[in-house]
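Read the structure below first, then the notes.
In what follows, chains carry the letters A, B, and so on, assigned in the order in which the sequence lines appear, proteins first and then strands, with residues in each chain numbered from 1.
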Amino acid sequence: MDKRLIIIDGNSIINRAFYALPEMNNKEGLKTNAIYGFTTMLFKIIDIYKPTHISVAFDRKAPTFRHLEFKEYKAGRKKMPDDLGVQFEPLKELLDKFNIHRLEIDGFEADDIIGTVSKIAEENDYKVYIVTGDKDAIQLASNKTTTLITKKGVGEVEEYDFNSVMEKYEMTPTQFIDLKGLMGDKSDNIPGVPGIGEKTGIKLIKEFSSIENIIENIDSLKGSVKKKLEENKELAVMSKRLATIIRDVPIEINLEELEYGDFDKDAVIESFRNLGFTSLLSRLVELDGGNIVNEEIELNISKLENIQEFINESKNQKKLILKTVKKEGNILEKNIMYMYISIDGKNIYYINEDEILKLETILSSNEVEKIGYNLKDDYLALRPYDIKLENMRFDITIAEYLIDSTSSTSYECSDISMKYLTRKMKSKEELLGKGVKAKKYEDLELEELSEYIGKVINVVATVYERMEKNIIETNMDSLLYDIEMPLVEVLGEMEYEGVKVDIEKLNELGAQFKEKILTLEKEIYELSGEPFNINSPKQLGVILFERLELPVIKKTKTGYSTNAEVLDKLRDKHPIIDKITEYRQIVKLNSTYVDGMLSIINPISNRIHSSFNQTITTTGRISSTEPNLQNIPVRLELGRNIRKVFISDDKCKLVDADYSQVELRVLAHMSGDENMIDAFKHNEDIHTKTASQVFDVEIENVTSELRGAAKAVNFGIVYGKSDFGLADDLNISVKQAKEYIDSYFSKYSKIKEFMDTTIENASKDGYVTTLANRRRYIPEIKSSNFMERNRGKRFAMNAPIQGSAADIIKIAMVNVYKKLEENDLKSKLILQVHDELIVEAVEEEIDIVKKIVKEEMENAVSMDVHLDVDLNVGDSWYETK
DNA sequence: GCTATCACG
DNA sequence: ACGTACGTGATAGCC
């Protein structure tokens, strides 16, 4: 068999990769762009040239003979950036795992090693490929050696062998050395002959073929060229020597050791995971013809014939992996097409909708653990059948969210499959298509559907124990099993229950808004002198800043900024501004909150069934979509009216409970700051207390301005705000803002300490944690970019506080839900807005509901600071203030 | 599909 | 000196 050797100039390629690719980090913040670029290049080369042998040569730090001969050699080169330097060792480790040979020898550059090894390989009848970004290596090209020079970063290569060099440059590869001897090389600081550049150099080489021959025939030259050469003969000879790649470095090399082939696949996969190269995992599969897929999966998927036998087995094993498939439709209606179930993940059965009830005994059994992927969907699918899916034990989506809440993927099964199993499977989008042409499950043939869902079930079965191990190792098992998994049912019930809407009231508000919008529109057109689309920031910008010539306050990437802040600064300048502000406000209310809500009211229940998502936010909060019920207006009275349409059902009231200052209490507890803890212990108004401390006045002398300033400081601290930002907010000087912050930290000194330690830990560990041990990785904190690193610090300061508050209310939700159930109450938890819970309580239960909610919320966790909950009852959300 | 804006905690 | 507050989702305009 033909032997093909690839020799890579490690330093050259890692450099190219580093400068060609944007910054990349793994989740601990290690820079990885150069490693990534190198690896993709390696894969590409292996794929194209199918080498039997590979070696990567690296420079050593020790000086080479070139430095010793010419002390200016490579002088003036910039020091390697740290962000690149740190990537060498991980790359070398990765190459070792690929079983790819490495060559490093003191006193010789990678070039010389490559020159020598390629020569030996040529003599042994190898076909040689040299990969580098450095054109000097073209001198090594021959009939047996092809030099591959990278182009466009490291994405492509250009081939040079003897013939192509002759064709392209009309000189032999070795004559390139003579040319460089004449021209010199800026990057290596090789002098060459001063005054002789590329054009003259090429002419001379073509005529005389070498520097030696030029010197011998120097008399046949004339003019300035002759003079330059006569004066710099020695320089030319030395430059040629410096430019000559050595091909007889004294090394003992056994080419057999360079053989490429088997490597420890698990080790490489592990490395890729650590480096965060999930996309490369799939390349690994292609690279090795699919052999890297560890487990050959063969699934038996069939219709379940003997239901009783399966039930018995499931009860025996106390385990059930399941995935329901439903048609698109109303959340309140029966829409299941099939349910796929399995115990071992390999023998997978499906049943039709009409037989689902037969499985109720295991589905609603507390003895059988349910393991799945997006279990809330299964819970909700079964809900209209009056089947309660009980003991939802493990959801791989939620587990993966806990493992890495900052992951850029959305925890798709296909992503999880690739990450944990190095196994490719279709994503849902690949299965169904996207956009308007997207198919639905009901459009698929049963066979195709079964193949896909079968794989999902198998991934769940194969992956969940590995995830569990990871979660236990990172002390998140209680977070998963005691908080997040029990919460699945709570959120499912909230979605199913929904919130009642007063449709008439909503329409009435809409009519009012629309009328007002028309009036404002007319007034604005009159003031501007022409009609335009007020909703277009671009058109509005032209009107304000060109036609009306108002001063430009701020610019956006694309033009003038016209946001509320800018408009506020312009309001004295022109009467149109206030009209536009009001117009914007009402348009927002009308389109988002009136039309938006109307379009999504469930026709069966006349209620709004929002989705509560558990795996979106990086901090641990829940998010709400379709519609978002967590941003219903409250601050301004006009918008607050929207809350009048969210009402309680007949013979019910809304019980609204919200935590008072939960984030500041968390901060007081986590930092252990006695001063702040004390303020909460004495039920003092925290902002007044802060004002009194920071501005050094008696409590009774704190004015509302001072309190307002203190409030801004308190919130700013939670977000890691700067003096600059605070100054902007409070309209004071940066110097003054700095004094406020300094004074704050001197009074609440443990808070300062806490912030510093948190940042330190984040830098050291790469992550921060909450009270319930929820993790957030912060790769930004290791960035070499000032701004990015500062963002990382702010994330580090904020995530434990916001995340712990999220932990607390999640615990409260689970406990409130449990208590309502235990007491056989009909009242239902229906909403959560980060620090607020709303229960729709039937009238006879209001007192006990209030008691339960207050107790469970206030006692969700035990801290050095007590939690305090405000309760309000009303017929609408508006009334519960 | 991106950008600007604005609603909430 | 750098640029400057965390976390979300919906809508409209525009390319």
Side-chain angles (χ1 to χ4, degrees), chain A residues 405-406 434-435 532-541 554-567 580-581 583-597 599-600 610-613 616-636 638-640 642-643 658-659 661-664 667 712-729 734 737-738 741 768 776 778 783-803 805-806 809 831-836 877:
Chain A
S405 69
T406 55
K434 62 171 175 176
F532 65 100
N533 189 343
I534 312 168
N535 294 318
S536 161
K538 199 176 158 190
Q539 294 184 36
L540 179 61
K554 206 168 81 177
K555 289 212 151 205
T556 65
K557 271 188 274 190
T558 52
Y560 309 110
S561 171
T562 66
N563 69 20
E565 206 185 320
V566 169
L567 294 183
I580 289 168
T581 306
Y583 175 90
R584 277 243 177 103
Q585 203 184 71
I586 298 174
V587 163
K588 173 87 177 179
L589 292 175
N590 189 55
S591 58
T592 305
Y593 298 104
V594 177
D595 295 345
M597 293 301 154
S599 70
I600 211 163
S610 170
S611 299
F612 292 98
N613 201 311
I616 297 285
T617 70
T618 51
T619 53
R621 276 189 178 176
I622 289 165
S623 91
S624 156
T625 52
E626 288 179 294
N628 181 357
L629 291 182
Q630 291 179 323
N631 70 346
I632 305 300
V634 67
R635 288 170 193 167
L636 301 173
L638 186 68
R640 196 171 191 148
I642 298 284
R643 295 192 169 218
D658 71 295
Y659 279 118
Q661 308 295 358
V662 62
E663 291 195 349
L664 285 175
L667 175 60
V713 179
N714 267 327
F715 280 105
I717 296 298
V718 172
Y719 303 138
K721 198 174 193 169
S722 66
D723 47 10
F724 182 94
L726 185 67
D728 195 48
D729 261 17
V734 176
K738 188 173 180 331
I741 293 172
V768 292
R776 172 175 177 173
I778 305 177
S783 172
S784 51
N785 177 300
F786 174 86
M787 208 173 77
E788 193 67 4
R789 199 166 55 249
N790 277 349
R791 278 185 69 213
K793 288 181 186 175
R794 294 196 296 270
F795 293 159
M797 291 187 271
N798 175 258
I801 304 170
Q802 188 181 121
I809 196 159
L831 282 175
Q832 188 254 40
V833 193
H834 311 308
D835 64 355
E836 172 186 13
W877 201 356

>> Between A/R621 (side chain only) and A/H834 (backbone N and O only), is there a donor and an acceptor less than 3.5 Å apart?
In response: no
> Do the side chain of A/T617 and the main chain of A/G620 share a donor and acceptor less than 3.5 angstrom apart?
Replying inline: yes
> Below 4.0 angstrom from OP1 or OP2 of C/dT8, is there any side-chain N or O of A/T618?
Replying inline: yes
> When the distance from CD of A/E836 to P of B/dC8 is rounded to whole Å, what number comes out?
Replying inline: 12 Å
> Mapping A/N798 and A/M787 onto DNA chain C by nearest heavy atom, which one lands closer to the 5' end?
Replying inline: A/M787
>> Is there, by distance only and without an angle test, a donor paired with an acceptor across the side chain of A/Q802 and the base of C/dC6 below 3.5 Å?
In response: yes
> Ignoring hydrogens and angles, are the base of C/dG7 and the side chain of A/R794 linked by a donor-acceptor pair under 3.5 Å?
Replying inline: no
>> Check whether A/T592 reaches the backbone of A/L589 with its side chain - one donor and one acceptor, N or O, closer than 3.5 Å.
In response: no
>> Between P on B/dT5 and CG on A/L540, what's the gap in Å once rounded to a whole number?
In response: 9 Å
> B/dC6 phosphate, OP1 or OP2: any side-chain N/O from A/R584 under 4.0 angstrom?
Replying inline: yes
> At under 4.0 Å, does any side-chain N or O of A/K538 touch on OP1 or OP2 of B/dT3?
Replying inline: no
> According to a strict under-4.0 Å criterion, is A/T562 in side-chain N/O contact with OP1 or OP2 of B/dA4?
Replying inline: no
>> Has A/S624 got a side-chain atom pairing as donor or acceptor with A/P627's backbone, closer than 3.5 angstrom?
In response: yes
> Which nucleotide sits closest to the side chain of A/K588: B/dT5, C/dG13, C/dG7?
Replying inline: B/dT5
> What is the distance, rounded to the nearest whole Å, between atom CG of A/L589 and atom C1' of B/dC8?
Replying inline: 13 Å
> Which nucleotide, C/dA10, B/dG9, B/dA7, lies nearest any side-chain atom of A/Y719?
Replying inline: B/dG9
> A/T558 side chain N/O closer than 4.0 Å to the phosphate oxygens (OP1, OP2) of B/dT3?
Replying inline: no
> Are A/N790 and A/R794 close enough that some pair of their side-chain heavy atoms sits under 4.5 Å apart?
Replying inline: yes
> With respect to the side chain of A/N535, which nucleotide from B/dT5, C/dG13, B/dG9 is positioned closest?
Replying inline: C/dG13
>> Is the phosphate of C/dC14 approached by A/Q539 (side-chain N or O, under 4.0 Å from OP1 or OP2)?
In response: yes
> Looking at C/dG13, B/dA7, C/dC6, which one has an atom nearest to any side-chain atom of A/F795?
Replying inline: C/dC6
> Just checking A/V634: base, sugar-phosphate only, or nothing, at a heavy-atom cut-off of under 4.0 Å?
Replying inline: sugar-phosphate
>> On the nucleotide C/dT4, are OP1 or OP2 found under 4.0 Å from the side-chain N or O atoms that A/N790 carries?
In response: no
> More 5' along DNA chain C: A/S536 or A/H834, using each one's nearest nucleotide?
Replying inline: A/H834
> C/dC6 C1' sits how many Å from A/R791 CZ, rounded?
Replying inline: 11 Å
>> I'd like to check A/I534 versus A/F532 (side-chain heavy atoms, cut-off strictly below 4.5 Å). Are they in contact?
In response: yes
> Looking only at atom P, what distance separates C/dT4 and B/dA4, rounded to whole Å?
Replying inline: 14 Å
> Over how many whole Å does the gap from A/Y583 atom OH to C/dA12 atom P extend?
Replying inline: 11 Å
>> Whether the side chain of A/R789 engages the backbone of A/S783 through a donor-acceptor N/O pair (distance < 3.5 Å, no angle test) should be reported.
In response: yes
> Does the pair A/I642 and A/V634 meet the rule for a side chain to side chain contact (heavy atoms under 4.5 Å, CB included), with working shown?
Replying inline: CA-CA 8 Å; A/I642 298 284; A/V634 67; over 6 Å; no
> Quick one: A/E626 CD to C/dA10 P, roughly how many Å, whole number?
Replying inline: 7 Å
>> Counting only side-chain heavy atoms from C-beta out, which of C/dA5, B/dT5, B/dA4 sits nearest to A/K557?
In response: B/dA4
> When all nucleic acid strands are considered with a 4.0 Å heavy-atom cut-off, which category describes A/S722: base, sugar-phosphate, or nothing?
Replying inline: base
> Rounded to whole angstrom units, what separation is found between the CD1 atom of A/I632 and the C1' atom of B/dC6?
Replying inline: 13 Å
> Is the distance from OP1 or OP2 of C/dG9 to the nearest side-chain N or O of A/S623 less than 4.0 Å?
Replying inline: yes
> Which residues satisfy the salt bridge (Lys or Arg N to Asp or Glu O under 4.0 Å) test with A/D658, sequence neighbours excluded?
Replying inline: none
>> Using a heavy-atom cut-off of 4.0 Å across all strands, would you classify A/A799 as base, sugar-phosphate, or nothing?
In response: nothing
>> Please tell me if A/S561 has a side-chain N or O lying less than 4.0 Å from either OP1 or OP2 of B/dT5.
In response: yes
> Touch check for A/R640, heavy atoms < 4.0 angstrom, all strands: base, sugar-phosphate only, or nothing?
Replying inline: nothing
> Is the shortest side-chain N/O distance from A/R789 to OP1 or OP2 of C/dC2 below 4.0 Å?
Replying inline: no
>> Output the pairing pattern of DNA chain C as a dot-bracket string, 5' first, Watson-Crick or G-U wobble with both distances under 3.5 Å, | for cross-strand pairs, [ ] for crossing pairs.
In response: .....|||||||||.
> For A/V662 and A/I809, what are the C-alpha separation, side-chain angles and deciding distance, and is it a side chain to side chain contact (heavy atoms under 4.5 Å, CB included)?
Replying inline: CA-CA 10 Å; A/V662 62; A/I809 196 159; over 6 Å; no
>> Rounded to whole Å, please give me the gap between CG in A/D723 and C1' in C/dC2.
In response: 14 Å
> If you look at every strand shown and take non-hydrogen atoms under 4.0 Å, does A/I616 touch a base, only sugar-phosphate, or nothing?
Replying inline: sugar-phosphate
> Does OP1 or OP2 of C/dT8 have a side-chain N or O of A/N631 closer than 4.0 Å?
Replying inline: no
